[in-house]
Novice: 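Next up is a structure, given as structure tokens.
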Amino acid sequence: MTLFFAQTAWLVPLYPLVAALASLAWSPGFIWKTGPRPCGYLNLTMVSVAFAHSLLALLAANAHPEALPLQFGWTWLHTAGLSIGFDGSITQPALVATLLVTGVHVLAQIFAIGYLEMDWGWPRFFGSLSFFEAGLCALLLTDSLFFSYVILELLTLGTYLIVGTWYNQSLVVKGARDAFLTKRIGDLILLAGLVAILPVTGTWNFGSLAAWAAAQVPGSLPLSQQLILLALVAGPMGKCAQIPLHLWLDEAMEGPLPSTVLRNSVVVAGGAWVLLRLQPMLALSPLVTTVLVVVGGTTALVGALIALAQIDIKRALSFLASSWMGLLFLAVGLGDPGVAGHLLLVYPLPMALVLMAVGTVIVSNVTQDLTQLGGLWSRRPLVGLAFLTGAGGLMALPPFGGFAAIRELLELCTSSAQPALLGGFVLLTNVLIAAGLVRVFGLIWGGRPSAFTARSAEVLWLMVLPTLVLMGVVLHLPILLARFGVFAATPLLGWGPQAVPLLLSTLLGGGVSAVFYLRPHPLAQLPSGLGGLQHWLAHDMNTESFYQRSVVALVVGLARLSSWTDRQVVDGFTGATGEAAIQSARRLSFTTSGRTQTYALTLLIGVVLMAAWLLTIVPSSLLR
């Protein structure tokens with residue numbers, strides 16, 4: 001395989017970007033006679049070209065491993081001794097991640113053609129999806145922390161546009177606004193760290209930052225530099241929906257489901273990619289690694305627990321996405337980027353498959369309320385198998401890819417300073433993730449048909465086909481990763497001592513949940529005495545109301561104080577000064593009589609007063 005495709009991999013983000021820009025011709029109705037469909041087909045074609053180029057580039061890179069990494073770049077700004085350039089690095093992990101991103105986008109856009117068959121907002125939606133893909137691919141290939149921040153900002157804008165697709169609904173407007181503002185908090189803190197790290201390291205390139213980190217002694221950084229590194233973590237925390245910046249992913253569920261497929265699978269992984277690139281520096285600070293472990297472990301456990309109480313399908317899966325990303329943060333905090341990278345690569349495809357499977361249910365049953373579904377196994381067994389396949393990839397269940405990744409994380413935890421605590425966190429999180437996924441399956445495909453599912457119609461083949469194709473890829477994901485040389489194939493025997501308790505935790509969580517939800521059990525609904533607990537978890541432990549009473553109330557109070565100061569102090573002072581000047585001018589106007597004698601007398605009095613004043617301030621020595 002020629003190396004040309006790998007050398008030109010920097011073209012991959014440009015294909016979807018061209019499609020996104022071309023979509024603008026349909027948005028205002030310039031091309032109105034064709035209708036919106038050609039815009040969707042154009043975006044799908046360009047995304048497919050990007051996928052083909054990514055595949056050929058990865059094959060070429062595997063054929064010539066000695067040629068990697070390939071560097072490229074150009075200067076963006078050079079002034080006053082400051083040079084900022086877009087530097088890129090083409091590596092095998094970046095090409096594998098690019099292949100995953102473009103592949104999921106191809107399947108998601110095919111799925112979207114069927115899902116939005118009767119929708120007229122294709123240009124805006126498909127253009128935004130392509131814009132998202134261009135940003136993600138550029139994020140994977142860039143070697144600059146500065147441009148990573150710029151791209152993350154563009155992805156935040158893309159989130160706002162996609163979540164607000166159906167902008168005539170009030171909840172959609174609120175969800176788009178809240179998602180945008182919540183992610184902006186992490187972005188602003190990241191910007192502060194970005195500006196502060198340049199004088200310390202003298203560079204923004206990830207390769208040079210890693211070299212700087214290698215020259216430092218771990219644990220020797222001053223507190224100021226550790227706080228800068230902590231600020232750099234805030235951006236990935238927001239993008240990966242980690243506590244306390246996790247509410248945006250729940251709010252973003254108001255967008256169409258094809259965008260949810262991409263957001264919960266590859267978009268949240270974009271922030272994790274930046275975190276992995278920063279890992280050599282973060283490992284220098286015990287403060288930062290401790291924060292990563294605490295935030296990741298807390299989000300993993302709490303996110304999976306909250307998912308068990310959700311009745312909205314998309315929200316239940318969104319909290320599971322936060323939980324899985326929490327496991328990745330835990331791996332980075334423990335100082336093993338290899339385990340974190342494994343968790344990152346085995347996550348997107350199973351999550352996308354789970355969401356596509358439930359998407360075929362939502363579009364044909366007019367509801368995404370889990371309590372209104374059920375009994376679909378006899379009517380929709382294929383997508384039920386697809387959901388189970390995706391669920392198997394998200395829990396520690398062999399031979400799926402998630403088993404090897406979570407097992408490596410458990411081994412990492414057992415070799416840490418707190419093996420019992422961290423290992424217990426991973427096992428308990430796996431129990432809750434398995435229980436949450438089996439609960440969703442049982443409430444949709446188990447039990448008896450409800451009024452919404454009794455006559456559940458089949459969906460278009462455009463939604464079933466990409467779902468089944470993705471199911472086949474997820475089944476073969478460990479083999480594919482081993483084929484491309486990313487991770488060695490994990491044998492079915494000889495797992496190690498951590499594999500048995502991990503498998504038992506999966507069977508425990510999935511088995512208990514199956515007993516409660518495959519055939520609805522009375523205990524599936526908590527007793528009245530514990531109903532408040534379920535309500536508390538269903539409302540995200542009242543996190544949003546807590547933010548409303550604390551952070552939002554503080555901001556509103558400061559805004560009102562600023563408004564009062566502006567009106568009463570600033571405007572009051574300037575207004576009173578102007579009014580005094582006007583009144584003085586009016587009174588002075590009465591002294592104008594038109595008589596020359598009066599003017600002369602006034603001038604004489606002024607001269608006398610000026611002379612008297614000068615005589616009082618001039619030193620007596622000067623008068624001699």
Side-chain angles (χ1 to χ4, degrees), residues 264-265 300-301 303-304 307-308 316-317 320-321 323-328 330-331 339 342-358 377 381 383-413 423-442 444-446 467 470-482 487-518:
N264 281 24
S265 59
L301 187 61
L308 285 173
L317 296 177
L320 290 179
S323 179
W324 185 278
M325 288 294 106
L327 295 177
L328 190 147
L330 180 61
V339 174
H342 199 175
L343 288 167
L344 180 63
L345 290 180
V346 301
Y347 164 78
L349 297 184
M351 177 55 73
L353 178 58
V354 164
L355 286 163
M356 284 186 180
V358 300
W377 181 254
V383 291
L385 286 173
F387 182 92
L388 288 176
T389 302
L394 292 173
M395 63 180 77
L397 184 65
F400 296 98
F403 176 75
I406 300 178
R407 178 181 58 81
E408 292 175 2
L409 176 61
L410 184 59
E411 292 175 353
L412 179 62
C413 291
F425 259 81
V426 173
L427 290 175
L428 183 56
T429 299
N430 185 59
V431 169
L432 295 175
I433 290 177
L437 290 169
V438 174
R439 169 180 175 267
V440 173
F441 175 82
I444 297 177
W445 283 276
T467 303
L470 187 55
M471 179 176 70
V473 176
V474 171
L475 285 171
H476 295 83
L477 183 59
I479 300 175
L480 292 174
L481 292 178
F487 297 103
T490 303
L492 293 180
L493 298 177
W495 294 334
Q498 290 80 13
V500 174
L502 190 59
L503 179 59
L504 290 178
S505 68
T506 302
L507 297 177
L508 174 64
V512 172
S513 186
V515 170
F516 284 160
Y517 294 105
L518 284 182

Novice: Determine whether a donor-acceptor pair (N or O, by modelled atom type, separation under 3.5 Å) exists between the side chain of Arg439 and the backbone of Leu308.
Specialist: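 Flag set: sc Arg439 to bb Leu308 pair under 3.5 Å.
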Novice: Side chain to side chain contact (heavy atoms under 4.5 Å, CB included) for Ile406 and Leu410? Distances and angles first, verdict last.
Specialist: CA-CA 6 Å; Ile406 300 178; Leu410 184 59; 5.6 Å; no
Novice: Does the Ser513 side chain pair with the main chain of Ala435, one donor and one acceptor, at a distance under 3.5 Å?
Specialist: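 Looks like yes, one N/O pair under 3.5 Å.
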Novice: Measuring from Leu477:CG to Leu470:CG, what's the distance to the nearest 0.5 Å?
Specialist: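 So the CG of Leu477 and the CG of Leu470 are separated by 9.5 Å.
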Novice: Are the side chains of Trp377 and Leu518 in contact, using a 4.5 Å heavy-atom criterion?
Specialist: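 Counting from C-beta outward, Leu518 and Trp377 never come under 4.5 Å.
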Novice: If you compare all heavy atoms of Gly436 against all heavy atoms of Leu320, which two are closest, and at what distance to 0.1 Å?
Specialist: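 The pair with the smallest heavy-atom distance is C-CD1, 4.5 Å.
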Novice: Look up atom CG in Leu345 and atom CG in Leu480, then write down how far apart they are to the nearest 0.5 Å.
Specialist: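 Result: 12.0 Å between the selected atoms.
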Novice: Please lay out, stage by stage, how Val358 and Phe441 fare under the test side chain to side chain contact (heavy atoms under 4.5 Å, CB included).
Specialist: CA-CA 9 Å; Val358 300; Phe441 175 82; over 6 Å; no
Novice: To the closest 0.5 Å, what do you measure between CE (Met356) and CE (Met351)?
Specialist: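 If we round to the nearest 0.5 Å, Met356:CE and Met351:CE are 13.0 Å apart.
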Novice: Could you please spell out the steps behind the side chain to side chain contact (heavy atoms under 4.5 Å, CB included) verdict for Leu317 and Leu437?
Specialist: CA-CA 8 Å; Leu317 296 177; Leu437 290 169; 4.1 Å; yes
Novice: Would you confirm whether Asn264, through its side chain, and Ala321, through its main-chain N or O, come within 3.5 Å as a donor-acceptor pair?
Specialist: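 Such a contact is absent between Asn264 side chain and Ala321 backbone.
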Novice: For Gly390 and Val354, which heavy atoms make the closest approach, and how far apart are they?
Specialist: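 Where Gly390 meets Val354 most closely, the heavy atoms are C-CG2, 3.5 Å.
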Novice: Answer yes or no: is there a donor N or O on one side and an acceptor on the other, between the side chain of Ser505 and the main chain of Leu502, under 3.5 Å?
Specialist: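 Yes; at least one donor-acceptor contact below 3.5 Å.
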Novice: Would you call the rings of Trp445 and Phe387 parallel, tilted or perpendicular, where under 30° means parallel and over 60° means perpendicular?
Specialist: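 Because their plane-to-plane angle lies in the 30° to 60° range, the rings of Trp445 and Phe387 count as tilted.
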Novice: What is the minimum heavy-atom distance between Phe403 and Ala499, and which atoms define it?
Specialist: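 Reported closest heavy-atom pair: CZ-CB, 3.8 Å.
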Novice: Mind listing the closest non-hydrogen atom pair of Gly510 and Val438 along with its distance?
Specialist: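 Reported closest heavy-atom pair: O-CG1, 3.6 Å.
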Novice: Compare every heavy atom of Ala331 with every heavy atom of Leu343, then report the nearest pair and how far apart it is.
Specialist: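 Closest heavy-atom pair between Leu343 and Ala331: CD1-CB, 4.1 Å.
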Novice: Quick one: pull up CZ in Phe425 and CG in Asn430 and give me the separation to the nearest 0.5 Å.
Specialist: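 Going from CZ on Phe425 over to CG on Asn430, the span is 14.5 Å.
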Novice: Quick one, Ile433 with Ser323, criterion side chain to side chain contact (heavy atoms under 4.5 Å, CB included). Give me CA distance, side-chain angles, the key distance, then yes/no.
Specialist: CA-CA 8 Å; Ile433 290 177; Ser323 179; 3.7 Å; yes
Novice: Which distance, rounded to the nearest 0.5 Å, do you find between the CG of Leu394 and the OG1 of Thr506?
Specialist: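 Reported value, rounded in 0.5 Å steps: 11.5 Å.
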Novice: Look up atom CG in Leu301 and atom CG in Leu330, then write down how far apart they are to the nearest 0.5 Å.
Specialist: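 Reported value, rounded in 0.5 Å steps: 11.0 Å.
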Novice: Thr389 and Phe400: which non-hydrogen atoms are nearest, and at how many Å?
Specialist: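 Nearest heavy atoms, Thr389 then Phe400: O-CE2, 3.8 Å.
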